[in-house]
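Working notes, structure below.
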Amino acid sequence: MSWLPLSFGAPMVLWGLLALPVIWWLLRLTPPKPQAEIFPPLKILARVLKREETPRRSPWWLTLLRLMMAALIVAALAEPIFNPREKLPAEGAALALVVDNDWASAADWGKRVATAERLIADAGSNGLSVIIAFTAEKSNAEIGPFDAAKALDRLRATKPRPIPTDRPAVYARVATALASLPGASVAVLADGLAAQGDEAAFNTLLSRNAARVVWAVTDRPSLAGLTSAENQVDGFALTAIRAPGDVTPRQVTAGAFDDKGRRIADATLTFAPGEATATGTMAVPFELRNDFASIALDGERHAGAVRVLDESSKRRRVGLLSQAEADQAQPLLSPLYYIRRALQPFADLVEPSSADLADAIPQILDQKPAMIIMADIGTIPEQVRQRLVDWVDNGGTLVRFAGSRLAAAGNDDELLPVRLRTGERSLGGALSWTSPQPVTEFPKTGPFADLAPPTEVTVTRQVLAEPTPDIVDRTWAALADGTPLVTGLKKGKGTLVLFHVTPEATWSNLPISGSFVEMLRRIVQISRNQGAAVANAEAAATSLPPYRMIAADGALAPPTPDARPLVPGAGRLPVTFENPPGLYGSEAGVFAHNLLDAGSVLTPLARPTISVPVTDIQYAFDESRNLKGPLVTIALLLMALDTLAVLWMGGLFSRRPRRAGAVTTTAALLIVFGALFGHADFARADDAKPGDQAAIEAVGKTRIAYVLTGVPGDDSISRAGIEGLTRFLIEKTALEPGAPAGVDISKDELSFYPLIYWPIDPAAPMPSQAAIARIDAYMQQGGTVLFDTRDQFANGIGADSTSPATERLRDILANLNVPPLEPVPSDHVLTKSFFIMPEFPGRFAGSPLWVEASLDASNTDNRPVRTGDGVSPIMITANDFAGAWAVDENGDPLLPTVPSDPMQRVYALRAGVNIMMYMLTGNYKSDQVHVPVLLERLGQ
């Protein structure tokens, strides 16, 4: 029985409303208790002749109140629901729930979970078991069947992943589980995007005992993703895609961010009506473009809208030098013509205004190029030679091409990678071959290892290298007869490269081949200081560890425990559960592994042909509200009001002179006794203030406090962390702390707590000066504040960067009287107050724990602990103590440690015990180490 917007779960109970007339009759028949009054004797005599009268019936308003109370109870028992939802079809032998939790589901994951919860709840009410599977989880993840409670736990514990779906494998596992459950209902909660193998996957899933299908449809607009971001001559060229079925025009804004997360550029991309691709350009200066670390689309909270950038996306300035005069009539014969054409798409080219090398080389060096290319330059002028050598030693890459001038100039050990033979080798010469030589396979140890050897390239002339024991190691490309075509050598921090042919198509046809462009591109890549490490790693096919990952919502985060090293190689690297999108490598160099590439398309998922009944639903939150609780609450309030009315009508609240006189007499006696025996106790009662009872409860048990930052996630983790530490203290020590206390530093009393844990979050509002003054007073009066920036792995890319949390802590400490600080020394009492602790890890490890420095310490050789008797008023860490201590209701850890090490969590809890023992015992623990010496002296 239901009608909008109200329905009843037990409508038959509403027949009880027919009893209201009977209740009305009974209430009117039974009047309330007569009012009792005490009269003086004369009043009694005056009314002695009157007949005693009592009310015949209760007042109408009291009767109405009781009828309303009875009606509310009847309505509450009928299970009323406001804005009821239609019960989802979950019937048959079981419910099979298959959920896409890939990157495309991240933006509205909350709605998807709410929809799945309703399906599981309806299955549980029908007594059905639930098979629940996610298409972006491990292939061996358990799928059930489970009961409804356990299925809900698994649903709520699952998060969206920044990877594509794997429907064929997951649907096949679900179909196998359904083989023994005939007549099951299958609910498909898809992400709305088609993937490879969908048709076969749905055929497999729906061919095994599926009696009914629930098909979930998303109601959000089409999502957009970034497929490419190329650093071109005039700016960063961006390409975005959306589903081709979206015909409405749309604009999206892309933002570029540096390695500290600061937004430094914008661009607008416009999708024309019916178009699935949009392009735009970030036209910003060359130097600013090289600071880009990532590019993201505004308003798109998923991994496909973010592209991380590595060194291959950064343009470098390349200087070009040549001694040959440019022939305007024959540009193809210019030594720099093919070099310019090859480098222009991915480098900024600079050339000197003078042809004199003595002026040209300084002009080029003044513009700080990453690479200099010399086209057939023989002898370097002596006055600029040393400056060029220093530039190479400091990280520059010098690329030289052979020619008649270089062949005649002789050897230069400082500016050539190999020693050269005098003259050149050519067809028909003294050092000749019978036919032009082709290029052989590129050496596996060089930067061209993954390039295919150009079969169309031949060489008719070259400069030869002197055969030396290390000539093979210096060869990056060779001819079929084994002679080097390209040689290279690391010199200091820089690199020397020599092409043993000319840059124009006279000695070989290499400059007019596609391989010439790729070879120069690789050299430009390794010319970058950070790019060299990654380029060499790619060439050697070694694995790169995960460094920074793209989360499902598009944010950059530390690697998850499931992430595995990535092996770079040729072609498109797949994004998988073990290799999610993000940056791989280290601070020395990173490799960008993005979710979408230039060939990606977003195709809407079409519902397959289904032969069984299908129910379409939309992802939505459950907006129905059960009114049983509110109705019962109102009925109880009316009952309390009825009780007060009866007591009032019975005369309980009327003024009674005798009682008033007794009260007056009692008060007079209390004043007399106070004057005779002292008034301390009474004054104490009179001086009671609001909040005294709360203060008594606060000091009745030792409690650890944490600062309420206003950020719900931080506050819940802080409370769970203090709860976990409290449990550990009760288990391991004689201390039994009370429940954690969340304090508002701007108004709550702080002196009740020996330790206050303060997680620093830059998203939280900055405390007021008054609040910081209260913290300063608390520290001066003996309390200790443990500041935790939790940013050990959040400092961005680069060792010298400062996280926003550390900057916020600096702002707070600037207004406090902070004593000199030092990392906890190895002989500090904190290292041995309960456990022996050489370091103090939390969820992260590596950050020291800072305490007040013991500036007056003396005789440290004879004393095993620090000499200060007090307790440090401040402690600072970045290891996220609360994250390591945090547990759920079952005592299981909430957050993983980084790295994932169970013992690190144990050490973090032990660190918390040591801190509490140090706080509560102070100089007692410090003095205990001297007891043997004191006893020995007393014995003397």
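The two residues G446 and W476 make their nearest non-hydrogen contact at CA-CD1, 4.5 Å. Closest heavy-atom contact between P581 and P162: CD-O, 3.1 Å. Nearest approach of A229 to I295, heavy atoms of both residues: CB-CD1, 3.9 Å. Between L223 and R250, the shortest heavy-atom distance links the atoms C-NH1, 4.2 Å. Minimum heavy-atom separation, L297 to A254: CD2-CB, 3.9 Å. Between R301 and A106, the closest heavy-atom pair is O-CB, 3.9 Å.
Contact annotation: the side chain of T281 never approaches that of F236 to less than 4.5 Å [non-hydrogen atoms, C-beta and beyond]. Between V463 and R421, every side-chain heavy-atom pair lies at or beyond the 4.5 Å cut-off. By the 4.5 Å heavy-atom criterion applied to side chains, D376 and Q323 are not counted as neighbours. No side-chain heavy atom of D481 sits under 4.5 Å from any side-chain heavy atom of T440. Looking only at side-chain heavy atoms (C-beta outward), T239 and T277 come within less than 4.5 Å of each other. Residues L398 and V497 form no side-chain contact, since every pair of their non-hydrogen atoms from C-beta on lies 4.5 Å or further apart. The shortest side-chain heavy-atom distance between L321 and I364 falls under the 4.5 Å cut-off. Put simply, the side chain of Q462 reaches to within 4.5 Å of the side chain of L464, judged on heavy atoms.
A salt bridge between R307 and E300 is absent, with no side-chain N of the basic residue lying under 4.0 Å from a carboxylate O of the acidic one. Taking a cutoff of 4.0 Å between a charged side-chain nitrogen and a carboxylate oxygen, D259 and R262 do not qualify as a salt bridge. Under 4.0 Å is where a charged nitrogen must lie from a carboxylate oxygen, and between R242 and E275 no such pair does.
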Checklist entry - Going through the checks in order, is the side-chain contact (heavy atoms from CB on, under 4.5 Å) test met by N579 and V575? => result CA-CA 6 Å; N579 293 134; V575 175; over 6 Å; no

Checklist entry - So D413 and R419, salt bridge (charged side-chain N to carboxylate O under 4.0 Å, His left out) or not? Walk me through it. => result CA-CA 7 Å; D413 294 336; R419 292 186 61 83; 3.0 Å; yes

Item to check | Steps toward salt bridge (charged side-chain N to carboxylate O under 4.0 Å, His left out) verdict (D348, R317) | outcome: CA-CA 5 Å; D348 285 306; R317 183 173 284 124; over 6 Å; no

Next on the checklist: Using side-chain contact (heavy atoms from CB on, under 4.5 Å), reason through L479 and H500 one step at a time and then give a plain yes or no.
Outcome noted: CA-CA 11 Å; L479 301 179; H500 290 245; over 6 Å; no

Item to check | Candidate pair V308 and Y584, rule side-chain contact (heavy atoms from CB on, under 4.5 Å), full reasoning | outcome: CA-CA 11 Å; V308 290; Y584 290 79; over 6 Å; no

Next on the checklist: Using salt bridge (charged side-chain N to carboxylate O under 4.0 Å, His left out), reason through D450 and R522 one step at a time and then give a plain yes or no.
Outcome noted: CA-CA 11 Å; D450 58 338; R522 295 302 171 87; 2.6 Å; yes

Item to check | Derivation and outcome, side-chain contact (heavy atoms from CB on, under 4.5 Å), residues R400 and L406 | outcome: CA-CA 9 Å; R400 303 186 68 172; L406 180 65; 3.6 Å; yes

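With sequence neighbours left out, T502 forms a side chain to side chain contact (heavy atoms under 4.5 Å, CB included) with E504, T506, W507. With sequence neighbours excluded, the residues that form a salt bridge (charged side-chain N to carboxylate O under 4.0 Å, His left out) with R161 are E137, D562.
Rounding to the nearest 0.5 angstrom, the gap separating the CD atom in Q437 from the OG1 atom in T460 is 11.0 Å. Considering OG of S586 and OH of Y547, their distance stands at 7.5 Å, rounded to 0.5 Å. For the atom pair OG (S294) and CG (D310), the distance works out to 12.5 Å, reported to the nearest 0.5 Å. Atom CG of residue L349 and atom CG of residue L336 lie 9.5 Å apart, to the nearest 0.5 angstrom. With rounding to the nearest 0.5 angstrom, the CD1 atom of I241 is 3.5 Å from the CG atom of L602. Considering OG1 of T487 and CD1 of I471, their distance stands at 6.5 Å, rounded to 0.5 Å.
Annotation for R341: atom CZ does not count as buried by contact number, only 12 or fewer foreign heavy atoms lying within 6.0 Å. Annotation: Q367, atom CD; neighbour count of heavy atoms from other residues, nucleotides and ligands within 6.0 Å is above 12. For E382, the CD atom sits in a loose shell: 12 or fewer heavy atoms of surrounding residues, nucleotides or ligands are nearer than 6.0 Å.
The backbone N or O of E456 lies less than 3.5 Å from a partner atom in the side chain of N509, making a donor-acceptor pair. When atom types are taken as modelled, the side chain of D470 and the backbone of D473 share no donor-acceptor pair closer than 3.5 angstrom. Side-chain atoms of Q251 do not come within 3.5 Å of backbone N or O of F271 as any donor-acceptor pair. Checked by atom type and distance alone, the side chain of N290 never pairs as donor or acceptor with a backbone atom of K314 at under 3.5 Å. Side-chain atoms of D258 never come within 3.5 Å of backbone atoms of F292 as a donor-acceptor pair (strictly under, hydrogens ignored).
Paired with E414 under the rule side-chain hydrogen bond (donor to acceptor under 3.5 Å, both in side chains), one option of Q386, R385, K491 passes, and it is R385.
D356 and S354 share no side-chain donor-acceptor pair at under 3.5 Å. In summary, the side chains of S527 and T397 do not present any donor paired with an acceptor at a separation below 3.5 Å, with no hydrogens or angles considered.
Between Y338 and F516, the ring centre distance reaches or exceeds 6.0 Å.
Relative ring orientation between F448 and F442 is described as perpendicular, the plane-to-plane angle rising above 60° on a 0-90° scale split at 30° and 60°.
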